[in-house]
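Proteins come first, then strands; the chains are lettered A, B, ... in the order of their sequence lines, and each starts at number 1.
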Amino acid sequence: MRWSNLFIPTLRDAPATAEAASHALLVKGGFIRQLHAGHYSLLPLGLRVHTKVANIVREEMDAMGAQEFLLPTMHPADVWKKSGRWDTMGEIMFRLTDRRDNELALGITHEEIFASVAGELSSYKELPQLWYHIQTKFRDEARPKSGLLRVREFAMKDSYSFDIDQNGLDAQFDAHAVAYARIFERLGLPAIPVEASSGAMGGNDSVEFMVPCAAGEDDVIVCPSCDYAGNVEKATSTLPLIEDEPTTTDPKKFPTPGVRTIAALTEIEGGAPADRQIKTMVMVIDDQVTLALVRGDHQLNLQKLTDATGAIDVRPATPEEAKASLGAMPGSLGAVGVTDIAIIADEALRGRTNMTTGANEDDWHLCGVNIGRDISVQEWADLREVAAGEACPECGSPLEMVRCVEAGHIFKLGTVYADAFDVAVADEKGQNQPVVMGSYGIGIGRNMATVAETHYDEDGLVWPVSVAPFEAVVTVLKLDEPTLAAAEAIYDGLRRKGVDVVLDDRDARAGIKFADAELIGIPYRVTVGPRSLADGEIELTNRATGETKKIATELLVDSLADTIDSQRRG
RNA sequence: CGGGAUGUGGCGCAGUUUGGCUAGCGCACCUGCUUUGGGAGCAGGGGGUCGGGAGUUCAAAUCUCCCCAUCCCGACCA
């Protein structure tokens, strides 16, 4: 490749609207251009990185015996209706109709489609199977953002495992965890496997691979002492025991004029500390009003509530809805004596006595509440969000909270899709058994952006060799015959050695060539100019360290090719 | 969807408050000369009708109304 023939539109200034580092650098370096919100064109440089990321994923999938497919990305509504997700997916799914008015969808994921194909499996002898493809997904995200990190159209590797039983699934799941760890290592991403909520994918067990970085959107609880880690949507912690005074009398109403918050209730005469209060939140769960109870000093986590109730849609009630349900405005709400509304309470409230909560009458609260006696809790669940500093559930050390990008997610699906699509095989006894499925996803473009997000300095990107758009650049400083001939000899030599190298033969000043090579993050730069030719030594600059060393011309090609080869697999 | 902001050549911006000459600057681009190991200098040149529509006015980038798009925060999201 000769740079003079390439389209690499680097910019002096990144667009002002690009805020995430990866977004600004990928645009500035000429890797991507935005078409509209959430849709990006990959330019030649961007496609090179994208392809390398995809190939690393592909190699690791192939290495674990997975078979590559390519399934359509436009689907008939039928398939989605079969699993029920036509209705549950809501606005995230792009929907359209064809000329005959048939309903269609653009795939947000491919469980349904792979399950359709898997209907042809008929015997346990064919299992296990592991299938994958790298295909475009469309998701009508409410808010695309941060360049390639959250988009509406993106390539994803999704794999699907099919097993005769849970043990088989567990093995495939564990194998994926290992393969994913290897993928992230090769990408240079310090991914942390964490317990996660399965959300709309269904199934029970899931692990996310999270990469700490500022542009992330997820909060992850990690233990600095042991390997415990969990998404805040799932993580738990150990709380110190609280000794309550027993209550022998009924709850007592007391006046709390103007008190509308937990904090205010701790101040007022007759009030109580936050951990002795019950916070009553009126939620609308799939159109059903429900009370969610957590301790006064705790935060309700919406995803935990969603998971606990198996709901599709959960939202806080409006103040008007709360008033209609309980007779008071938020700030004075409570669950004592409520019997006609479902009540779900956080485990941290179990067994608590002598608590304080709203009286369902503005400006009044109740004290002396014994939860077991006074509140008809229908379901206990883990609803509260863990806060940094609480004790690790495994080792007791104070937990930390880290901002992360979700780089991959693996799910144990069970038989949800097998049941919907009648994917069953005969077992040893000739009895049909539903196939146990797992699904496993890695976003290619998001991982590319995450590598950028974690590999840059003030001069631009610093790609690892494994995904760099070029592994090396031969920068020619003078376009006269001897210099160009020397540079081309090195360039040809590196190419013959299998190095992905570009020859910067542009008629431009040295400063521009150096700055561009640094901006686009090529790991190694070979600088060929009259000065070095006269010395018989060529300069080799390492992008990551900034170090330049001189190497005898005749040794350079072999030495650099070896260096790159040793780093190529990450 | 709620809140905030912004739309002026490819990129970054000024001009809008207080309507008024031919819409301006830097970068990038083209030509020439000089220069040539860290984003060159000089001279010349090309490109925008100011997000879109309607309106007010002798006159609109600038004022009014409607719409659209993009970005940020939140909600939401495998």
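- At a threshold of 4.0 angstrom between heavy atoms, the contacts of K478(A) with the nucleic acid are absent.
- For the pair K304(A) and D382(A), the salt-bridge criterion is met [side-chain N within less than 4.0 Å of a carboxylate O].
- Within the nucleic acid shown, L302(A) comes within 4.0 Å of sugar-phosphate atoms alone, with no base atom in reach, counting heavy atoms only.
- Atom CD in E458(A) sits about 14 Å away from atom C1' in G38(B), given to the nearest Å.
- Looking at heavy-atom distances under 4.0 Å, I92(A) makes contact with sugar-phosphate atoms alone, never a base.
- D170(A) meets the salt bridge (Lys or Arg N to Asp or Glu O under 4.0 Å) test with K412(A); sequence neighbours excluded.
- U35(B) is unpaired under the criterion used here, namely a Watson-Crick or G-U wobble arrangement in which both key atom distances are under 3.5 Å.
- Put simply, the side chain of T483(A) never gets that close to the backbone of L479(A): no donor and acceptor are under 3.5 Å apart.
- The C1' atoms of G41(B) and U36(B) are separated by 12 Å, rounded to the nearest whole Å.
- Ring centroids of F114(A) and F69(A) are separated by less than 6.0 Å, placing the two rings close together.
- Nucleic acid contact class of G529(A) (heavy atoms, under 4.0 Å, all strands): base.
- Relative to the side chain of R509(A), the nucleotides G38(B), U36(B), C76(B) differ in distance, and U36(B) lies closest.
- Across all strands shown, A510(A) has heavy atoms under 4.0 Å from sugar-phosphate atoms exclusively, and none from any base.
- Two rings, from H110(A) and Y132(A), have their centers 6.0 Å or more apart.
- Residue order along RNA chain B, read from the 5' end via each residue's closest nucleotide, puts I512(A) first among A142(A) and I512(A).
- Among the nucleotides G37(B), C72(B), C77(B), the one closest to any side-chain atom of R143(A) is C72(B).
- The same atom, C1', is picked in A43(B) and in A5(B); the two are 42 Å apart, to the nearest Å.
- Ring-centre distance between H50(A) and F31(A): not below the 6.0 Å cut-off.
- Remark: C76(B) base-pairs with no nucleotide in the shown strands. Criterion, Watson-Crick or G-U wobble with two distances under 3.5 Å.
- G2(B) and G48(B): their C1' atoms are spaced 36 Å apart (whole Å).
- Residue contacts for T548(A): at a heavy-atom cut-off of 4.0 Å it reaches no nucleic acid atom on any strand shown.
- Between the side chain of E537(A) and the backbone N or O of I551(A) there is no donor-acceptor pair closer than 3.5 Å.
- Put simply, the side chain of Q299(A) reaches to within 4.5 Å of the side chain of K279(A), judged on heavy atoms.
- Side-chain N/O atoms of R315(A) and base N/O atoms of C76(B) include no donor-acceptor pair closer than 3.5 Å.
- Between the C1' atom of C71(B) and the NE2 atom of H23(A) lies a distance of 9 Å, rounded to the nearest Å.
- Under the Watson-Crick or G-U wobble criterion, with both distances below 3.5 Å, G46(B) has no partner in any strand shown.
- Judged by Watson-Crick or G-U wobble contacts below 3.5 Å, the nucleotide A5(B) has U70(B) as its partner.
- Applying side-chain contact (heavy atoms from CB on, under 4.5 Å) to V294(A) and the options L300(A), L305(A), I344(A) leaves one that passes, L300(A).
- Between C66(B) and A59(B), the two P atoms lie 23 Å apart (nearest whole Å).
- Taking atom CD of Q34(A) as the reference point, atom P of G51(B) lies 18 Å away to the nearest angstrom.
- Comparing the P positions of U6(B) and A23(B) gives an interatomic distance of 25 Å, to the nearest angstrom.
- Considering E547(A), E518(A), E471(A) in turn, E518(A) is the only one that fulfils the salt bridge (charged side-chain N to carboxylate O under 4.0 Å, His left out) rule with R525(A).
- Spacing of C1' atoms, G7(B) relative to C50(B), comes out at 10 Å, to the nearest Å.
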- Note on the structure: For nucleotides 5-12 of chain B, 5' to 3', base contacts (B), sugar-phosphate-only contacts (S) and non-contacts (-) with protein non-hydrogen atoms under 4.0 Å give ------SS

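- When Watson-Crick and G-U wobble pairs are counted only if both distances are under 3.5 Å, U16(B) pairs with no nucleotide at all.
- Listed by chain and residue number, T415(A) satisfy the side-chain hydrogen bond (donor to acceptor under 3.5 Å, both in side chains) test with D419(A) (two or more places apart in sequence, or in another chain).
- Rounded to an integer number of Å, the gap from NE2 of H409(A) to C1' of C77(B) is 13 Å.
- Using a 4.0 Å heavy-atom distance criterion, E141(A) is classed as a base contact.
- Partners of R260(A) by side-chain hydrogen bond (donor to acceptor under 3.5 Å, both in side chains), not counting sequence neighbours, listed by chain and number: D363(A).
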- Task: Decide side-chain contact (heavy atoms from CB on, under 4.5 Å) for K28(A) and T10(A); before the verdict, give the C-alpha distance in whole Å, the side-chain angles of both, and the deciding distance to 0.1 Å.
- Result: CA-CA 5 Å; K28(A) 199 175 168 198; T10(A) 57; over 6 Å; no

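- Nucleic acid contact class of Y440(A) (heavy atoms, under 4.0 Å, all strands): none.
- Toward the 5′ end of RNA chain B lies the nearest nucleotide of K28(A), the other residue of the pair E217(A) and K28(A) mapping further downstream.
- Residues from residues 68-83 of chain A placing a heavy atom under 4.0 Å of any atom in RNA chain B do not occur.
- Under the Watson-Crick or G-U wobble criterion, with both distances below 3.5 Å, U56(B) has no partner in any strand shown.
- In this structure, CE of M93(A) is placed 17 Å from C1' of C76(B), rounded to the nearest angstrom.
- The partner of A23(B) is absent, by the rule that a Watson-Crick or G-U pair needs both atom distances under 3.5 Å.
- Going from the C1' atom of G44(B) to that of U62(B) covers 33 Å, rounded to whole Å.
- The separation between R152(A) atom CZ and C77(B) atom C1' is 13 Å, rounded to whole Å.
- Put simply, the side chain of T454(A) gets close to the backbone of T450(A): a donor and an acceptor are under 3.5 Å apart.
- In this structure, the side chain of Y491(A) engages the main chain of M1(A) through a donor-acceptor pair within 3.5 Å.
- Between D313(A) atom CG and C77(B) atom C1' the separation is 12 Å, expressed in whole Å.
- Residue contacts for E208(A): at a heavy-atom cut-off of 4.0 Å it reaches no nucleic acid atom on any strand shown.
- Between the P atom of C77(B) and the CD atom of E153(A) lies a distance of 22 Å, rounded to the nearest Å.
- At a non-hydrogen distance threshold of 4.0 Å, F514(A), A515(A), D516(A), E518(A) from residues 514-521 of chain A come into contact with RNA chain B.
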